[in-house]
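Read the structure below first, then the notes.
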Amino acid sequence: MQLNELKAVDYLNMVKSREISVEEVVRDIFQQIDRIEHTLKAYLFINLEEALSEAKKMDRRIKDNDIPPLAGLPVAIKDNICIKGMETTCASRILKGFIPPYDATVTSRIKDAGAIIIGKTNLDEFSMGSTTKNSAFQVTLNPWDINRVPGGSSGGSAVTVASHETLIALGTDTGGSVRVPASFCGIVGIKPTYGRISRYGVISSSSSLDQVGILSKGVKDTAMLMNIISGYDPLDSTSSHISVPDFLLSCTGEGIKDLKFAVPKEFFKQELNIEVKERVADSLNKILKLGGEIEEISLPNLEYALSAYSIIAMAEASSNLAKFDGIQYGLRMEGSGDLEDMYLKTRSEGFGSEVKRRLILGTYFLSSGHYEDYYLKAKKIRNLIRKDFENIFQKYDLIIGPTTPIPPFEIEERIDNQLTMLLADTYTIPVNLAGLPALSINCGFTSKERLPVGLQIIGGPFQEEKMLRVAYNLEQELKEINTVEPNLLF
Ligand code: GLN
């Protein structure tokens, strides 16, 4: 086994007991990157020299018995999260050349804990998409089948983890952008409760929906990193004061006999692929076998979620992205000398077509005369959806179902119809609208093409511990599935 194939918690144990050095692991990671990155194209920036020098420094610290919690853990970071001194582009031409003068809070927390940043990962431009095809710079491929998309928008982060080009990664999730690529790449992806993790220094797409998440090779790895990055941050007024438990305690093999699960019937409609349905049914049987109780329920307003999401996400994006005008950040296209011309040229050159489409629609939804018909209505629907979930969580501990209705699709498919593409997020978007935590875990493969299938576990507000407990128990049950690896010999 190569050291880059280690899980994060195993790495930490081995480094701390001095069985392996940080440098050896980081070198194995760069060797892997050298071997496969030209095919997969998951990284936008590779931090080779700095990472190696950090690794050497960390080895010296460990030798001196100064061992921080993340002791040199290699982490990849989605390129919409700021790292001081490292170009951050959101995979958009408009931010080319933008070097943040500060770290995002998640970045400074993992750096302070001793992590090493391996690089910045590709995404759909400004997190708008479900494929990671929609980047201004490159198309990232799925390591399970390079003719297919890895999911998005945190597809770069998911691919670096699934193909062992890092040990763990950070992404962001506005409507499914951590869970969808986790599902398509056969790994674990968590979107915590809105407010659980600081968004300071994370370039906003839709502020009321965005949340930082973790992509990892195992549930314990997720719990371990949650412990480091969660918790109140005075720099983010939407971050929560709720105390942070030790999430690793949820991964102790304590059973799930006390838990009641709700399965929404709306998640099992005709658009659900038959093989996804079968794999999810297998997992439900495992839950029953473990002593969990399962009942079918209904979330009646779910059918309006996609429309409400689209309006809210676009409206917020149109406001958030107004600041990219050539003055302060990244690209500037000098026009005829007049300021307005410069704005126009910069924005028309800098943004890709999907971003432009959303900004134009978002501006329309917020304009006077249309605001009430669109934005206000969408917010009302959002409240109804939130109430639907609240009702369920009064009686049940968790909601469970597929993460996506379909397995990873081919790169050429679903390009023209944005709404069809959004269907990939049918089961993930309602969770962001309600601000709830959810996790995707691999629950098997399609029979012919051997493509990963994800199971989504949704919790009530700040109920990540229960989600992690179930995911950990299922992971034990699904051990033989979880040791299957993509064939990386392209
Ligand atoms: N695919 C969804 C969209 O295009 C969600 C993206 C995300 O979570 N950032 O908006």
Side-chain angles (χ1 to χ4, degrees), residues 1-79 81 83-87 103-104 106-122 143 156-171 187 214-218 220-222 224-225 227-229 248 485-486 488-489:
M1 181 193 194
Q2 298 279 323
L3 296 177
N4 55 309
E5 291 171 19
L6 285 171
K7 289 191 174 158
V9 281
D10 297 331
Y11 160 88
L12 288 173
N13 288 335
M14 288 168 83
V15 158
K16 288 175 185 177
S17 63
R18 297 176 174 75
E19 271 170 77
I20 53 172
S21 74
V22 180
E23 191 183 340
E24 284 176 277
V25 180
V26 171
R27 283 198 186 279
D28 274 3
I29 282 176
F30 285 121
Q31 219 174 60
Q32 179 78 339
I33 290 176
D34 222 33
R35 209 163 30 224
I36 61 177
E37 180 57 18
H38 57 92
T39 305
L40 294 178
K41 297 194 169 60
Y43 280 107
L44 286 176
F45 172 74
I46 297 168
N47 194 25
L48 176 72
E49 271 153 42
E50 203 181 309
L52 275 173
S53 116
E54 291 286 320
K56 286 181 188 150
K57 267 193 236 157
M58 187 54 70
D59 279 328
R60 283 197 292 275
R61 274 180 73 179
I62 292 170
K63 214 164 151 206
D64 292 341
N65 251 332
D66 168 18
I67 311 180
L70 295 184
L73 178 72
V75 183
I77 297 193
K78 187 177 181 180
D79 199 29
I81 300 178
I83 302 177
K84 189 177 172 178
M86 208 181 277
E87 189 184 45
D103 279 327
V106 283
T107 310
S108 58
R109 285 193 181 169
I110 63 164
K111 276 187 180 171
D112 290 349
I116 292 179
I117 291 160
I118 298 298
K120 307 290 305 275
T121 59
N122 197 22
S157 286
V159 171
T160 59
V161 172
S163 61
H164 306 295
E165 292 182 304
T166 183
L167 297 198
I168 197 160
L170 295 182
I187 57 173
I214 299 165
L215 295 121
S216 81
K217 303 182 192 181
K220 261 192 173 174
D221 285 8
T222 302
M224 181 277 300
L225 203 59
N227 281 352
I228 307 279
I229 63 174
L248 273 170
E485 291 279 337
L488 296 173
L489 301 170

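One is the number of the first residue; the rest follow in order along the sequence. Just so you know, these numbers come straight off a predicted model, no measurement behind them.
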Result for side-chain contact (heavy atoms from CB on, under 4.5 Å) between Pro143 and one of Thr160, Leu40, Val161 points to Leu40
The reported gap from CG in Asp79 to CG in Leu44 (rounded to nearest 0.5 angstrom) is 5.0 Å
Point to revise | side-chain contact (heavy atoms from CB on, under 4.5 Å) between Thr121 and Thr166, intermediate numbers included | key: CA-CA 11 Å; Thr121 59; Thr166 183; over 6 Å; no
Note: Lys16 and Ile67 closest approach over all heavy atoms is CG-CG2, 3.6 Å
Original post:
Are side-chain heavy atoms of Asn122 and Val159 found at a separation under 4.5 Å?
Top reply: no
Can a donor-acceptor pair be found, under 3.5 Å and without considering hydrogens, that links the side chain of Asp66 to the backbone of Arg61? no
Q.
Looking at Glu165, is its backbone amide N or carbonyl O close enough to the side chain of Tyr43 to form a donor-acceptor pair, meaning the two atoms are under 3.5 Å apart?
A. yes
Closest non-hydrogen atoms of Ala8 and Asp221, given as atom of the first, atom of the second and distance, are N-OD2, 2.6 Å
* **Check: Glu485 and Glu5 side chains under 4.5 Å, non-hydrogen atoms** => no
Taken to the nearest 0.5 Å, the spacing of Arg27 CZ from Asn4 CG works out to 14.0 Å
Taken to the nearest 0.5 Å, the spacing of Leu170 CG from Ile110 CD1 works out to 5.0 Å
Legend entry - Side-chain touch Asp28/Gln32, heavy atoms, less than 4.5 angstrom: no
ask   = Do NZ/NE/NH1/NH2 and the carboxylate oxygens of Lys57 and Glu54 come within less than 4.0 Å?
value = yes
Nearest heavy-atom approach of Val22 to Ala71 is CG2-O, 3.8 Å
- Tyr11 side-chain N/O to Gly72 backbone N/O, donor-acceptor pair under 3.5 Å: yes
Exercise for the section: Could you please spell out the steps behind the side-chain contact (heavy atoms from CB on, under 4.5 Å) verdict for Met224 and Leu70? Expected result: CA-CA 9 Å; Met224 181 277 300; Leu70 295 184; 3.5 Å; yes
| query | Under the side chain to side chain donor-acceptor pair (under 3.5 Å) criterion, do Ser17 and Glu19 qualify, and how do the steps go? | reply | CA-CA 6 Å; Ser17 63; Glu19 271 170 77; 3.0 Å; yes
4.5 Å side-chain heavy-atom contact, Ile46 and Glu37 | yes
message = Are there over 12 heavy-atom neighbours, none belonging to Glu50, within less than 6.0 Å of that residue's CD?
response = no
Validation row: Pro69, Ile228 side chains within 4.5 angstrom (heavy atoms): yes
| said: Is there a side-chain contact between Glu87 and Phe45 in this structure, where contact means two heavy atoms from C-beta onward sitting under 4.5 Å apart? | reply: no
Correct closest heavy-atom pair for Pro68 and Gly114 would be CG-CA, 4.0 Å
Exactly one of Asn47, Leu73, Val75, Ile33 clears side-chain contact (heavy atoms from CB on, under 4.5 Å) with Ile118, and that residue is Ile33
Quiz item: Does the side chain of Ile168 reach to within under 4.5 Å of the side chain of Lys217, using non-hydrogen atoms?
Solution: no
Notebook entry, point to check: Taking the side chain as C-beta and beyond, is there a heavy-atom pair between Lys84 and Ser108 under 4.5 Å?
Noted result: no
- Message: Tell me if a side-chain donor or acceptor on Asp59 pairs with a main-chain N or O of Ser21 at a distance below 3.5 Å.
- Response: no
Quiz item: Passes side-chain contact (heavy atoms from CB on, under 4.5 Å), Thr107 versus Ile117? Steps please.
Solution: CA-CA 9 Å; Thr107 310; Ile117 291 160; 4.0 Å; yes
Only residue of Ile81, Ile83, Asp112 satisfying side-chain contact (heavy atoms from CB on, under 4.5 Å) with Asp103 is Ile83
dist Ile20:CD1 -> Asn13:CG (nearest 0.5 Å) comes out at 9.5 Å
What one should report as the nearest heavy-atom pair of Ser216 and Ile187 is O-CB, 3.3 Å
Interatomic distance, NE2@His164 vs CE@Met1, rounded to 0.5 Å, equals 7.0 Å
Kindly indicate, with the supporting measurements, whether the criterion side-chain contact (heavy atoms from CB on, under 4.5 Å) is fulfilled by Met86 and Lys120. CA-CA 9 Å; Met86 208 181 277; Lys120 307 290 305 275; 3.8 Å; yes
Of all heavy-atom pairs linking Ile36 and Leu488, the shortest is CG2-O, 3.9 Å
